[in-house]
Amino acid sequence: MKKIIIILSTVSVMAIAAFIVFVKVDNAASKKTTVNETAHTEKAVKENKDILFEGKTDAFQNLEQLENESVIIVRGEKINEEKTYVSRSEIDGAVNAGYTNSNFKINKVIKNEENDNKIIDGSTIPVFESAFYDEETDATYRINGYENMKEAKQYLLFLLPEQDGMYATRAVTYGKVPLDTDDLEIQTDSIGEEDQSQIQTLEDIFKEARQKYKD
């Protein structure tokens, strides 16, 4: 197994920090999962062709740290998906970045350190989601195993300030806590053995967050 380095530096919030992404390659699972077979093959972990990007992000050790370093915390539900953006390499046309723009209705504002007048109970805000479907390759691309929120389900979101008209979750997976399930809603099979401790940390943070903010 080898790794190919890709720079995700596209428009908007997607450069949550202009991710340096490592695309895993699994030749055994590469059946029609390649965007450009001569350029790079990408690991598909499911039959519906999930392509997994590993992005370097902040990490949090506990809920208190996540709360303190998030300027916006809201509870609410996903209404729908507005649009999907896909970026391709100018060299070979391979997908190198993207996102889904989702509409999220705020039911309760927990923290609004920015005094953002869009962050109020009952308002709907655009949220940058780090997974997106590309029709051309018939594949879903995920940063750090991120799964998009499910419509009409309740979530607790720890958000970055608005950038380019959207709000993004803190550290991709850390900032989206499902409240209607105990599931992490993350593709954990994309996590290597060296990162298993991250899954346990997420489970601990999410459990505490649900207990504190669900009701």
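Because the structure is predicted, anything quoted here is derived from the model rather than measured.
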Next item on the list: Using atom types as modelled and distance alone, determine if a side-chain donor or acceptor of Arg210 lies under 3.5 Å from a backbone N or O of Pro178.
Entry: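 It does hold such a pair.
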
Check: Taking Thr100 for the side chain and Ser102 for the main chain, is one N or O donor matched with an acceptor at less than 3.5 Å?
Finding: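 Checking the backbone N and O of Ser102 against the side chain of Thr100, no donor-acceptor pair under 3.5 Å is found.
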
Note to self: On the six-membered ring of Phe158, is Lys176 placed so that its NZ or CZ lies under 6.0 angstrom from the centre and within 45° of the ring axis?
What the structure shows: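 Here Lys176 fails the 6.0 Å and 45° test against Phe158.
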
Item checked: From Lys78, Lys153, Lys150, residue fulfilling salt bridge (charged side-chain N to carboxylate O under 4.0 Å, His left out) relative to Glu185 ->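 Of the listed residues Lys78, Lys153, Lys150, the salt bridge (charged side-chain N to carboxylate O under 4.0 Å, His left out) partner of Glu185 is Lys150.
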
Lys/Arg N to Asp/Glu carboxylate O, [X] vs [Y], below 4.0 Å:
| X | Y | value |
| --- | --- | --- |
| Lys212 | Glu64 | no |
| Lys118 | Glu162 | yes |
| Asp182 | Lys207 | no |

Side chains of [X] and [Y] only: does a donor on one sit below 3.5 Å from an acceptor on the other?
| X | Y | value |
| --- | --- | --- |
| Glu129 | Tyr99 | no |
| Asp138 | Tyr133 | yes |
| Asp180 | Gln154 | no |
| Glu67 | Tyr213 | yes |

Checklist line | Shortest non-hydrogen contact between Val71 and Leu160, atoms and distance | finding: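 Nearest pair, atom of Val71 first, then Leu160: CG2-C, 4.3 Å.
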
Next item on the list: Indicate the atoms forming the closest heavy-atom contact of Ala59 with Tyr174, along with that distance.
Entry: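 Nearest pair, atom of Ala59 first, then Tyr174: CB-OH, 3.9 Å.
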
In Å, rounded to the nearest 0.5 Å, how long is the span from [atom1] of [X] to [atom2] of [Y]?
| X | Y | atom1 | atom2 | answer |
| --- | --- | --- | --- | --- |
| Thr173 | Tyr146 | OG1 | OH | 9.5 Å |
| Ile106 | Ile73 | CD1 | CD1 | 12.5 Å |
| Glu81 | Asn101 | CD | CG | 9.5 Å |

Margin query: A side-chain contact here means heavy atoms from C-beta on lying under 4.5 Å apart; do Thr124 and Phe104 qualify?
Written below: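 No, too far: nothing below the 4.5 Å cut-off.
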
Next item on the list: Would you mind reporting whether Asn80 and Glu151 have side-chain heavy atoms less than 4.5 Å apart?
Entry: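 Contact flag for Glu151/Asn80 side chains = yes.
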
Next item on the list: Given side-chain hydrogen bond (donor to acceptor under 3.5 Å, both in side chains), test Thr201 with Asp204 step by step and report yes or no.
Entry: CA-CA 5 Å; Thr201 300; Asp204 293 341; 5.6 Å; no

Checklist line | Verdict with supporting geometry, Asp58 and Arg170, side chain to side chain contact (heavy atoms under 4.5 Å, CB included) | finding: CA-CA 8 Å; Asp58 293 332; Arg170 291 292 279 121; 3.5 Å; yes

Check: Quick check: are there more than 12 heavy atoms from other residues, nucleotides or ligands sitting under 6.0 Å from CD of Glu69?
Finding: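 Yes, CD of Glu69 has more than 12 neighbouring heavy atoms, counting only those of other groups under 6.0 Å.
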
Notebook entry, point to check: Any idea how Tyr141 and Phe53 line up, ring-wise: parallel (<30°), tilted (30 to 60°), or perpendicular (>60°)?
Noted result: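 Ring orientation, 0 to 90° scale: tilted.
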
